[in-house]
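What follows is a set of notes on a single structure, which appears directly below.
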Amino acid sequence: MISGLALIDMNNFYVSCERLFRPDLQGKPVIVLSNNDGCAVARSQEAKDLGIKMGDPWFKIRTEYTRAGGIAFSSNYTLYGDLSARIGDVLGTFSPDVETYSIDESFVRLTAMTPAALIDQARAMRSMVQQWIGIPCCVGLAQTKTLAKLANYGAKKRLVDSSGVLSLLQVDQRQAVMARVAIADVWGVGPASATKLAAIGVTTAADLAALDRRRARQLLGVVGERTAAELAGVACLPLELAASAPQGCAVTRSFGRPVTSWADMEAAVANYATRAAAKLRRNRRAAGVVQVFMHTSPFRTADTPYSNSAVMQLAEQSADSRVLIDAAVVLAGRIWRDGYNFSKAGVILADLVDADRIQQSFLSNTDRERAGVLMETMDRINRTMGAGTIVPGSAGVRRQWAMRAERRTPRYTTQWAELPVVRA
DNA sequence: TCTGGGGTCCTAGGACCC
DNA sequence: TCTGGGGTCCTAGGACCC
């Protein structure tokens, strides 16, 4: 038996999810916007052809894009997350060894008798996701994660053929493809590293694979050394089958319009703390440190800039919304200044531990059992009746600062009330 | 009017200690 | 003349990812 590592990556995932329920959008330019309808984060091929770039601000491209017939959606993470989970189920039928790397890509360890059989499996995986879930995708097959990413890139860019599956298991094929991939397109090589490498004449993936390992380390640190080794076929990055417990947890948002009053800021920060606390409990974690930041818009040059943050160590780690809200509001109060147009704020929880391994403080007088029951009840109600059904009073009822999502599609697959309707 | 959000890992440098 | 050296721990910031 031989084995290979497959990277399966959805094509324009968010756009493909929207198109699934709007088949009339096939062949048209479609983009999905970031939170707050800020900028383009996913583009269909037709939108790319119109010159829409990743991260283009919506307000700048809006007029021209819509005039050209382009469609835009607010992001609908509930929908994307649900489809992502369904894709995971399909992948699980191919191998027990699946690492869900992000919402739209997974590494899958495939085993077979021959290299040809391995490629057949990769092809079957691609077509099953397309047929059962309806999302187009590409598969890259190789010996290491970095090479599998590169193979996937090659499949997407059709460097060898347009089948959507590319194997780099064979050395000659690998060399030929790597020589055609620019160094900046290698997984793990960002703009800073690409510049350093270009300065010593390393401009392709093949160049980095051939670079002396010590030189790579000296120039880029262990991360660069690992990337070079992985490109040469030496696996350094293991498959991570079990999702590791989160080390931090943040809820940060730009405001739909500038926040200028303490009442609004207090409500926003309380609201973010509430959501962060719920996220914490979902992961069965508790936080030891709370941090709050706020700042004015870096883009509004006419405004006086202000940016600050404050941190607090809790007497005892907690996942209690009330404790975390209190801490966050106190911190926000410390850095709040009148007279500024705030564009964004956030609550960051750190120093996370397992919820059942909380260090009990001698000073603590919290009735933990009662607090736990209260939080559990609140989470259950929000889970069954819909998020936000009950929130602590401080989290605000009138939310003028709330982010924009003017173009969100229905949550087709997770809300009974939003199921797609089929008519004759 | 209007420019995303949420992560991880690594490194350099300071504080502190013996 | 000559002013230690090595270890640990912590933190802020950089770099990268989707």
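Residue numbering restarts at 1 for every chain, and letters A, B, ... go by the order of the sequence lines.
Heavy atoms of A:Gly55 sit nowhere under 4.0 angstrom from any nucleic acid atom. Residue-level contact check: A:Pro191 touches the backbone only, with heavy atoms under 4.0 Å from sugar-phosphate atoms and none from bases. Heavy atoms of A:Trp187 sit under 4.0 angstrom from primed sugar atoms or phosphate atoms, though from no base atom. Residue-level contact check: A:Arg62 touches neither bases nor backbone, having no heavy atom under 4.0 Å from any strand. As judged by a 4.0 angstrom heavy-atom cut-off over every strand, A:Val186 is placed among residues touching the sugar-phosphate backbone only. No engagement by A:Ser343 is indicated, since no non-hydrogen atom pair under 4.0 Å with the nucleic acid exists. Among the heavy atoms of the strands, none lies under 4.0 Å from A:Lys196. A:Lys344 comes within 4.0 angstrom of the backbone, heavy atoms only, and of no base.
Between A:Lys145 and the phosphate of C:dC17, there is no side-chain N or O to OP1/OP2 separation shorter than 4.0 Å. A close approach under 4.0 Å does occur between a side-chain nitrogen or oxygen of A:Arg300 and OP1 or OP2 of B:dC2. Residue A:Thr252 places at least one side-chain N or O under 4.0 Å from the OP1 or OP2 atom of B:dG6. Between B:dG4 and A:Ser75, no contact under 4.0 Å exists linking OP1 or OP2 to a side-chain N or O. Applying the 4.0 Å criterion to OP1 and OP2 of B:dG5, one finds that A:Ser254 has a side-chain N or O inside that range.
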* To do: Report the C-alpha separation of A:Tyr80 and A:Glu18 in whole Å, then their side-chain angles, then the decisive distance to 0.1 Å, and conclude whether the side chain to side chain donor-acceptor pair (under 3.5 Å) test is met.
  => CA-CA 9 Å; A:Tyr80 313 148; A:Glu18 299 293 347; 2.7 Å; yes
* Candidate pair A:Arg281 and A:Ser321, rule side chain to side chain donor-acceptor pair (under 3.5 Å), full reasoning -> CA-CA 10 Å; A:Arg281 294 194 293 272; A:Ser321 294; 3.0 Å; yes
* Step-by-step side-chain contact (heavy atoms from CB on, under 4.5 Å) determination, A:Tyr272 to A:Val292 -> CA-CA 10 Å; A:Tyr272 300 167; A:Val292 170; over 6 Å; no
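Side-chain polar atoms of A:Asn12 and A:Ser44 form no donor-acceptor pair below 3.5 angstrom.
A salt bridge does not link A:Asp212 with A:Arg215: none of the charged nitrogens is closer than 4.0 Å to a carboxylate oxygen. With respect to the salt-bridge test (charged N to carboxylate O, under 4.0 angstrom), the residues A:Asp82 and A:Arg86 qualify. Under the 4.0 Å criterion applied to side-chain N and carboxylate O atoms, A:Glu105 and A:Lys156 are not assigned as salt-bridge partners.
Here the nucleotide nearest the side chain of A:Asp104, chosen from B:dG4, B:dC2, C:dC18, is C:dC18. Distances from the side chain of A:Ser193 to the nucleotides C:dA15, B:dC10, B:dT8 place C:dA15 closest. In the set C:dC18, B:dT3, B:dG4, the nucleotide with an atom closest to the side chain of A:Asn35 is B:dG4. Here B:dT8 is the nucleotide among B:dT3, B:dT8, C:dC17 with the atom lying nearest to any side-chain atom of A:Pro246. In this structure, of B:dG4, C:dC18, C:dA15, it is C:dA15 that holds the atom nearest to the side chain of A:Ala192. Set against B:dG7, B:dC2, B:dT8, the side chain of A:Ala250 has B:dG7 as its closest nucleotide. Candidate nucleotides B:dT3, B:dG6, C:dC17 were compared by shortest atom distance to the side chain of A:Tyr101, and C:dC17 ranks first. Side-chain proximity of A:Val222 to the nucleotides B:dT3, B:dG6, B:dT11 is greatest for B:dT11.
Per the geometry, CZ belonging to A:Arg253 stands 19 Å off P belonging to B:dC2, to the nearest Å. Here the C1' atom of nucleotide B:dT1 and the NZ atom of A:Lys60 are 14 Å apart, to the nearest Å. Distance A:Leu352 CG to B:dT8 P: 8 Å, rounded to the nearest Å. Rounded to whole Å, atom P of B:dT8 lies 10 Å from atom CG of A:Asn283. Whole-Å rounding puts the A:Tyr80 OH to B:dG4 P distance at 17 Å. Across the protein-nucleic acid pair, A:Gln218 atom CD and B:dA12 atom C1' stand 17 Å apart, rounded to whole Å. In this structure, A:Glu64 places its CD atom 21 Å from P of B:dC2, rounding to the nearest Å. Spacing between atom CG of A:Leu197 and atom P of C:dC16 amounts to 10 Å, rounded to whole angstrom units.
The distance from the OH atom of A:Tyr153 to the CG atom of A:Leu166 is 12.5 Å, given to the nearest 0.5 Å. The CZ atom of A:Arg180 lies 12.0 Å from the OG1 atom of A:Thr204; values are rounded to the nearest 0.5 Å.
Each end of the helix from B:dG5-C:dC18 to B:dC18-C:dG5 gets its own axis from five base pairs, and the two axes differ in direction by 10°, given to 10 degrees.
Sequence order on DNA chain B of the closest nucleotides to A:Leu220 and A:Lys279 puts A:Lys279 first from the 5' end. Along DNA chain B, the nucleotide closest to A:Glu240 and the one closest to A:Phe299 are compared, and the more 5′ of them pairs with A:Phe299.
Of the possible donor and acceptor atoms, one in the side chain of A:Ser84 sits under 3.5 Å from a partner among the backbone N and O of A:Ile103.
C:dC18 and B:dT3: their P atoms are spaced 25 Å apart (whole Å).
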